Amino acid sequence: MYTKNLLILLGFSALIISSSACRNTGKAGDQDRPNILFIMSDDHAYQAISAYSDKLISTPNIDRIAGEGILFTNACVTNSICAPSRATILTGKHTHINGKIDNSMPFDTNQVTFPQLFSQAGYETAMFGKLHFGNNPKGVDDFMILPGQGSYINPRFITPEGDTTITGYVTDIITDLALNWLEEKRNPEKPFLMMYLHKAPHRAWWPNPEKFEEFSAKTFPEPATLFDDYKNRGTAAREAVMGIRTLLLSYDNKVLPGAIDEAGITNDDPRNRRYFEGSDYSRMNEEQRSIYGPILESISDDFKSRWPSMSEEEKRRWQYQRYIQDYLACISSVDDNVGRVLDYLDESGLAGNTMVVYTSDQGFYLGEHGWFDKRFVYEESFKTPLLIRWPNEITPGISNDEMVQNLDFAQTFLEAAGIEAPGDMQGKSLMPLLKGDTAGWDRDAVYYHYYEYPDGQHMVKRHYAIVTREYKLVHFYYDVDEWELYDREKDLMEMNNVYKDTAYADVVARLHKELDEMRLEYKDSPELDKKFIDIYMKEE
Ligand code: SGN
Ligand code: CA
């Protein structure tokens, strides 16, 4: 079956190679306009991309994008959570303007998204994978998206023709769909915009069986702050519920529920078994169960033999290893699949005039501060990976440390395609930076605002912030009124809130003023903060 599909794919590749070879020699009209391939994964921390750091994993394919293009080392998001990040990317506006401030708020479909503008300008457009908006994408000629968070195993897809379920592993399937569209479905006479959006490595981190087996046998280094005690920080860090020890033993760490009983544990989180029973595990067919089974048994045996005699510290270490093993295993599949797509672009002759972007909807904690998840403006979740390749325009192997944001993507792609951006977009095109022209880049601070609180789950308080290269000034509000200041140059791990340190009095005064100005400039305000709280109260 697989071989047959492969042969069909190869056949089509050959056709495309010959047609695109002709197409790319021309320099007139549509053939000048670049293709855009936007690759985004879900919760992919920059710490888990070897172009940024090789401490945890090697990602040779994702790295290729930067090796043959540009690596942004200071890219960040405006609101570190899934659907708001996607809304910012699609609209080029902060979430208080586009209205999608949290995962549950509906997306206002009257908002203009950049794929609509591409479509109007004659581009062929498509979207495959995770959107997470609660409504279908606008401006795409073709799409297959996961409902909500979607599933890792045998995922269901929403398509323009109705729903369908595909047997297999989600990362491979989304890639098959994207490649199939590139090879067979798109109109080769037009430039394309493709949104290729992975579900991985989102919780609950189900790897494919081969990676699961491979990575569950590895041991990974621990971050320096795995045992952070949140001293010298505010209430928000102490009260957030995203500690490694709050990971659920079966649902997250893949210990079979029976093994928890056999280990004599009587105080397991009541959600654990329920969630596990409704998880990807329940979606497996018999054949898949028989492949995953021995790996789950081996994890469960290790758990039973060691857990009952472990100290609290050892339990945190054990749960961290299980977490990071599965997380990185999921990324390894993403990397392999990105490699398939890059190879296709090379082989088809499309690579030169295709801008390939790799990013994530936000960063993620990989045990730093003792956490998983995101949401905070603190470094690991505020920053996001950003790698861009476009051989016809970008000098290979450059790196850029300017403060760029996901807010900038829409205007960048529009400028690249020669399409005028609407005047109310709030970002800045990165085109000069892609061309190595940093002289005219005059942004020295970015704005951040997170809203999803109280969420009953991770409980990260509402906050807004101004971030400059040197400092981060944050205001936590709603049920607290607390300010934090971090010295980003002296305190890389953000362990000391120096807001009340008199040595920083001038900095605090200056940043307060700049933050006020920035809130005005981006049209955010105390009235809007209140409006969003009122909407939230009504929903409750
Ligand atoms: C789920 C996860 C959370 C996660 C949110 C948001 N819990 O609710 O841990 O923060 O998604 O993620 S789970 O028990 O359902 O796995 S986001 O990427 O969609 O914003
Ligand atoms: Ca996410």
Side-chain angles (χ1 to χ4, degrees), residues 40-48 56-57 77 80-86 102-104 129-132 146-153 155-156 169-171 174 197-208 211-212 215-216 220 240-255 257 268-269 271-284 292 296 299 316 318-334 360-376 380-381 384-385 450 452 455-460:
M40 185 160 73
S41 46
D42 192 350
D43 295 354
H44 191 172
Y46 63 88
Q47 310 92 291
L56 291 173
I57 190 172
V77 296
S80 181
I81 187 155
C82 190
S85 165
R86 290 155 203 265
D102 59 26
N103 274 346
S104 51
K130 180 174 171 183
L131 175 62
H132 197 198
L146 299 166
Q149 297 283 9
S151 307
Y152 276 103
I153 318 272
R156 188 161 74 81
Y169 185 66
V170 72
T171 307
I174 293 170
L197 311 171
H198 284 293
K199 170 188 170 57
H202 191 271
R203 194 180 184 185
W205 314 294
W206 276 96
N208 78 19
K211 303 281 186 192
F212 194 23
F215 280 74
S216 61
F220 293 95
V241 185
M242 41 196 236
I244 293 292
R245 287 284 287 118
T246 67
L247 287 167
L248 300 172
L249 285 171
S250 306
Y251 176 70
D252 292 310
N253 288 160
K254 325 286 183 318
V255 177
D268 187 32
D269 189 318
R271 293 169 306 167
N272 180 41
R273 197 169 295 227
R274 191 162 31 98
Y275 285 14
F276 182 74
E277 276 157 12
S279 75
D280 279 284
Y281 184 66
S282 69
R283 302 184 65 82
M284 293 175 192
Y292 276 95
L296 292 163
I299 290 166
R316 189 181 300 203
W318 191 89
Q319 285 197 278
Y320 164 74
Q321 288 299 335
R322 278 279 50 257
Y323 159 54
I324 199 74
Q325 287 164 353
D326 294 347
Y327 180 93
L328 295 173
C330 289
I331 283 169
S332 184
S333 284
V334 170
S360 168
D361 59 347
Q362 14 61 213
F364 214 67
Y365 295 97
L366 304 183
E368 296 90 355
H369 303 293
W371 288 332
F372 67 99
D373 216 68
K374 54 252 178 180
R375 300 159 191 268
F376 277 113
E380 292 80 3
S381 48
T384 197
Y450 171 80
E452 194 172 283
D455 67 334
Q457 216 185 154
H458 296 299
M459 300 302 274
V460 173

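Quick note: residue numbers are just sequence positions, from 1. All figures in this text were calculated on a predicted structure; none of them were measured in a lab.
Under the 4.5 Å side-chain criterion, counting only non-hydrogen atoms from C-beta, D269 is not in contact with Y251. The shortest distance between side-chain heavy atoms of F276 and L248 does not fall below 4.5 Å. Contact annotation: the side chain of M40 never approaches that of T384 to less than 4.5 Å [non-hydrogen atoms, C-beta and beyond]. Between D42 and Q149 there is a side-chain heavy-atom pair separated by less than 4.5 Å. Side-chain contact between E277 and Y275 is absent, with no heavy-atom pair separated by less than 4.5 Å. Considering only heavy atoms from C-beta on, D268 stays 4.5 Å or farther from R273 through its side chain. In this structure the side chain of D373 reaches within 4.5 angstrom of the side chain of F364, judged on heavy atoms. You'll find the side chain of Y152 reaches within 4.5 Å of the side chain of C330, heavy atoms only.
Considering OH of Y46 and CG of L366, their distance stands at 9.0 Å, rounded to 0.5 Å. Rounding to the nearest 0.5 angstrom, the gap separating the OG atom in S85 from the CG atom in N103 is 10.0 Å. Once rounded to the nearest 0.5 Å, the distance linking CG of D43 with CH2 of W205 reads 8.5 Å. Distance OG/S333 to NZ/K211: 5.0 Å, rounded to 0.5 Å. To the nearest 0.5 Å, atoms CG (N272) and CG (D252) are separated by 8.0 Å. Here the straight-line distance linking atom CZ of F212 with atom CD1 of I299 works out to 3.5 Å at 0.5 Å rounding.
Scanning both residues, R156 and R283, for their nearest heavy atoms gives N-NH2, 3.9 Å. Residues F220 and L56 approach most closely at CE2-O, 3.3 Å, considering heavy atoms. Nearest heavy atom pair, residue A200 against residue S41, reads O-CB, 3.4 Å. Taking every heavy atom of both residues into account, P155 and S151 meet most closely at CB-O, 3.4 Å. The minimum heavy-atom distance linking M284 with I153 is given by the pair CG-CG2, 4.0 Å. When all heavy atoms of C82 and H132 are compared, the closest pair comes out as SG-ND1, 3.1 Å.
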Next on the checklist: Could you walk me through whether E452 and V460 satisfy the side chain to side chain contact (heavy atoms under 4.5 Å, CB included) test, starting with their C-alpha distance in whole Å, then the side-chain angles of each, then the deciding distance to 0.1 Å, before giving a yes or no?
Outcome noted: CA-CA 7 Å; E452 194 172 283; V460 173; over 6 Å; no
Item to check | Derivation and outcome, side chain to side chain contact (heavy atoms under 4.5 Å, CB included), residues Y281 and Y292 | outcome: CA-CA 9 Å; Y281 184 66; Y292 276 95; 5.7 Å; no
Item to check | CA sep, side-chain torsions, deciding dist, call: L249, Q319, side chain to side chain contact (heavy atoms under 4.5 Å, CB included) | outcome: CA-CA 8 Å; L249 285 171; Q319 285 197 278; 3.6 Å; yes
Next on the checklist: Evaluate R375 against D455 for salt bridge (Lys or Arg N to Asp or Glu O under 4.0 Å), listing each step before the verdict.
Outcome noted: CA-CA 11 Å; R375 300 159 191 268; D455 67 334; 3.3 Å; yes
Item to check | Chi angles and distances behind the side chain to side chain contact (heavy atoms under 4.5 Å, CB included) call for L197, L146 | outcome: CA-CA 10 Å; L197 311 171; L146 299 166; over 6 Å; no
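Legend: residues meeting salt bridge (charged side-chain N to carboxylate O under 4.0 Å, His left out) with D326, ordered by chain and number and at least two apart, are K254, R322. Every residue two or more places apart in sequence or in another chain that forms a side-chain hydrogen bond (donor to acceptor under 3.5 Å, both in side chains) with Q47 is listed here: E368.
Remark: aromatic rings of H458 and F372 are close, center separation under 6.0 Å.
The aromatic rings of H44 and Y327 stand perpendicular to each other, their planes meeting at an angle above 60°, with 30° marking the opposite boundary. Between F376 and Y365, the ring-plane angle classifies as perpendicular under the 30° and 60° cut-offs. A perpendicular orientation is assigned to the rings of Y320 and Y323, their planes being inclined by more than 60° (bins at 30° and 60°).
Between the side chain of S381 and the main chain of G363, no donor-acceptor pair closer than 3.5 Å is present.
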